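Scroll down for the structure; my scribbles are underneath it.
So that the names make sense, note that chain A is the first sequence line, chain B the second, and so on, each numbered from 1. What you are looking at is a predicted structure, and each value in this text was computed from that prediction instead of being measured.
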Amino acid sequence: MTLSESNLDAANKNDIYGIPMWSQEKIDRFRETLLSWYDLEKRDLPWRKNNDPYRIWVSEIMLQQTRVDTVIPYYLNFMNTFPTIEALAQAHEDILLKAWEGLGYYSRVRNLQFAAQQIMNDYNGEMPTDPKEISKLKGIGPYTTGAISSMAFGLPEPAVDGNVMRVLSRLFEIDADIAKPGNRKIFEAIMRELIDPYKPGDFNQAFMDLGSSICTPKNYHPELSPVKEFNQSYQNGTWEKYPVKSKKKKAKPVYYIGAIIKNSSGAFLLEKRPENGLLANMWTFPMIEEEIVIQETGIAHGTLTQIDDEEQTEQVVKKVMAELEKNYKIKPTLMEAPFAEVQHIFSHLKWFIAVYYGQLRAEEFIDIPENCYWVMPSDFDQYVFPGPQTKMWQSYLTKFDH
DNA sequence: GAGACGTGGGT
DNA sequence: TACCCAAGTCT
């Protein structure tokens, strides 16, 4: 222990991880100020109609890394389709995934159903009320445990999300990097001191409403905050330093050939993705990962559509044909042009897809793999498509459907 | 603890 | 264009 650390310890026994905690009187005034603001300004959201733990649970899972405006229509449809925990537990996976299509982070909905089955089997169909039990449910981590405990059951549990860390780091001038998972415990400890024991659910939600309306990541105006008198970084003029947040890694580029192949009946070849990993169990046109050669010639990956060298074009087409024959047992007539390039950015990957279009004759589309189907466009809505697939289909419609 | 895991919106 | 962001969790 350094001298300065021992001085800090000696200076204030109420420190939390070196951060001086307010007096009880100040904490009381803060609670009252924040909750009064929340009573006036709280948003009218569909999952705030009552304290039903199922409704709160579903909303919290949907809201993970996802905006309120995006969630609302999905939420209304989801509660309509699966009105009870039992209905959710019994749903067929494709129906379930369809209800989540376009929301992203699809393991959320698989975990949601798994947890519903846990509740049916282990908790007699009712969400447990003990935070320790709640956190045993699949897909429910420390944040969601706190959210359900406080909002549905009135327990004084912290629900520390990005909003709470941002607001707290400005209130207390906290230098801990909020992008580091290990630092969450600092903010939880502070929230345990601050949280209102009588209205813990409102208190937690007030932090989130404050974080999404006034205490925003950008265009932050601390002078507009209802709790500005408690805001140490505002009082000290240091608010632009907070929160401290390290940068994310850049998405890694990956290159594909996408093959939109139509047979003589007008159906298109779709392939179901593996049951684990990225976009699990969703449907796409055949995709061939590119590791090509073209890089060596100096032409960058991702600019496949701009190849004007005939030799290189021929090389790519040859490879596409070979892969389609090997993996899908088809020998389509590929169209020379037009073809498109589709880009899609995930959190950790950036896909570049050069899309080729091809046609088959009647006798050639029998022997495709088990995880593939020929599907008419009028039936596409029965298949769960991820973003890149939708973009590939749009590229086709733009070029051929008029 | 770092990386995997989606998507759409804003600057 | 290329970032950053939005109510995280799992491995």
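A:Phe172 has its ring centre less than 6.0 Å from the ring centre of A:Trp22. Between A:Phe352 and A:Tyr256, the gap from one ring centroid to the other reaches at least 6.0 Å. You'll find the ring centres of A:Trp100 and A:Tyr74 outside the 6.0 Å limit. Between A:Phe203 and A:Tyr198, the ring center distance fails the sub-6.0 Å criterion. Aromatic ring centres of A:Tyr373 and A:Trp283 lie closer together than 6.0 Å.
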Detail all sub-3.5 Å separations between protein N/O atoms and N/O atoms belonging to nucleotides 8-11 of chain C.
from: C:dG8; atom 1: OP2; to: A:Gln65; atom 2: N; distance (Å): 2.6
from: C:dG8; atom 1: OP2; to: A:Gln65; atom 2: NE2; distance (Å): 2.7
from: C:dT9; atom 1: OP1; to: A:Gly141; atom 2: N; distance (Å): 2.8
from: C:dT9; atom 1: OP1; to: A:Gly141; atom 2: O; distance (Å): 3.4
from: C:dT9; atom 1: OP1; to: A:Thr144; atom 2: N; distance (Å): 3.0
from: C:dT9; atom 1: OP1; to: A:Thr144; atom 2: OG1; distance (Å): 2.8
from: C:dT9; atom 1: OP2; to: A:Tyr143; atom 2: N; distance (Å): 3.2
from: C:dC10; atom 1: OP1; to: A:Gly139; atom 2: N; distance (Å): 2.5
from: C:dT11; atom 1: OP1; to: A:Lys138; atom 2: NZ; distance (Å): 3.4

Please write out each protein N/O paired with an N/O of nucleotides 8-11 of chain B under 3.5 Å, distance rounded to 0.1 Å.
from: B:dG8; atom 1: N2; to: A:Arg67; atom 2: NH1; distance (Å): 2.6

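Judged purely by distance below 3.5 Å, without hydrogens or angles, the side chains of A:Arg361 and A:Thr333 never pair a donor atom with an acceptor atom.
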Would you check, one step at a time, whether the test side chain to side chain contact (heavy atoms under 4.5 Å, CB included) holds for A:Ile61 with A:Gln64? CA-CA 5 Å; A:Ile61 301 299; A:Gln64 288 170 6; 3.5 Å; yes

Worked check of ring pair (Phe, Tyr, Trp, His ring centres under 6.0 Å) between A:Tyr357 and A:Phe339: CA-CA 7 Å; A:Tyr357 310 107; A:Phe339 50 104; 7.9 Å; no

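Per the geometry, CH2 belonging to A:Trp100 stands 18 Å off P belonging to B:dC5, to the nearest Å. Atom CZ in A:Arg166 sits roughly 15 Å away from atom P in C:dC4 (whole-Å rounding). Note: CE (A:Met62) to C1' (B:dG6) measures 14 Å, nearest angstrom. Spacing between atom CG of A:Leu349 and atom P of B:dG6 amounts to 10 Å, rounded to whole angstrom units. Between the CG atom of A:Asp69 and the P atom of B:dT7 there is a distance of 19 Å, given to the nearest Å. Whole-Å rounding puts the A:Lys247 NZ to C:dC5 C1' distance at 12 Å. We find that CZ of A:Arg273 is positioned 13 Å from C1' of B:dA4, with the value rounded to whole Å. The interatomic distance linking A:Met208 (CE) with C:dA6 (C1') rounds to 12 Å, in whole Å.
Contact annotation for A:Leu103: base contact, defined as any heavy-atom pair under 4.0 Å involving a base atom. Within the 4.0 angstrom heavy-atom criterion, base atoms lie near A:Arg48. As judged by a 4.0 angstrom heavy-atom cut-off over every strand, A:Trp351 is placed among residues making no nucleic acid contact. Nucleic acid contact for A:Ile56: none, since no nucleic acid atom lies under 4.0 Å from a heavy atom of the residue. No engagement by A:Gly211 is indicated, since no non-hydrogen atom pair under 4.0 Å with the nucleic acid exists. Backbone-only contact: A:Lys350 has heavy atoms under 4.0 Å from sugar-phosphate atoms and none from a base. No contact: A:Val164 has no heavy atom under 4.0 Å from any strand.
Shown here for A:Pro253 and A:Tyr255, the closest heavy-atom pair between the two residues is CB-OH, 3.3 Å. Among all heavy-atom pairs drawn from A:Ile195 and A:Arg31, the shortest one is O-NH2, 3.0 Å.
Comparing B:dC5 with C:dA2, their P atoms are spaced 23 Å from each other, to the whole Å. Distance check on atom C1': C:dC5 versus B:dG6 gives 13 Å, rounded to whole Å. Atom name C1', nucleotides C:dT9 and B:dG1: the rounded distance is 14 Å, in whole Å.
Each of A:Lys180 and A:Asn276 has a nearest nucleotide on DNA chain B; the 5'-most of these lies closest to A:Lys180. Nearest-nucleotide positions on DNA chain B place A:Gly182 closer to the 5' end than the other of A:Ser347 and A:Gly182.
Proximity of A:Tyr54 to A:Met79: side-chain heavy atoms (C-beta onward) are separated by under 4.5 Å at one or more points.
Distances shorter than 4.0 Å separate none of the side-chain N or O atoms of A:Arg108 from OP1 or OP2 on B:dG6. Regarding contacts with the backbone of C:dC4, every side-chain N or O of A:Lys245 stays at 4.0 angstrom or more from both OP1 and OP2. For the pair A:His348 and B:dA4, the criterion of a side-chain N or O lying under 4.0 Å from OP1 or OP2 is not met.
Results of the side-chain contact (heavy atoms from CB on, under 4.5 Å) test with A:Gln389 over A:Leu279, A:Ile353, A:Leu270 single out A:Leu270 as the only residue that passes.
Within residues 75-94 of chain A, no residue places a heavy atom under 4.0 Å from DNA chain C.
In this structure, the nucleotide among C:dA6, C:dC3, B:dC5 sitting nearest to the side chain of A:Lys250 is C:dC3.
For the pair A:Arg170 and A:Tyr220, the cation-pi criterion (under 6.0 Å, within 45° of the ring axis) is fulfilled.
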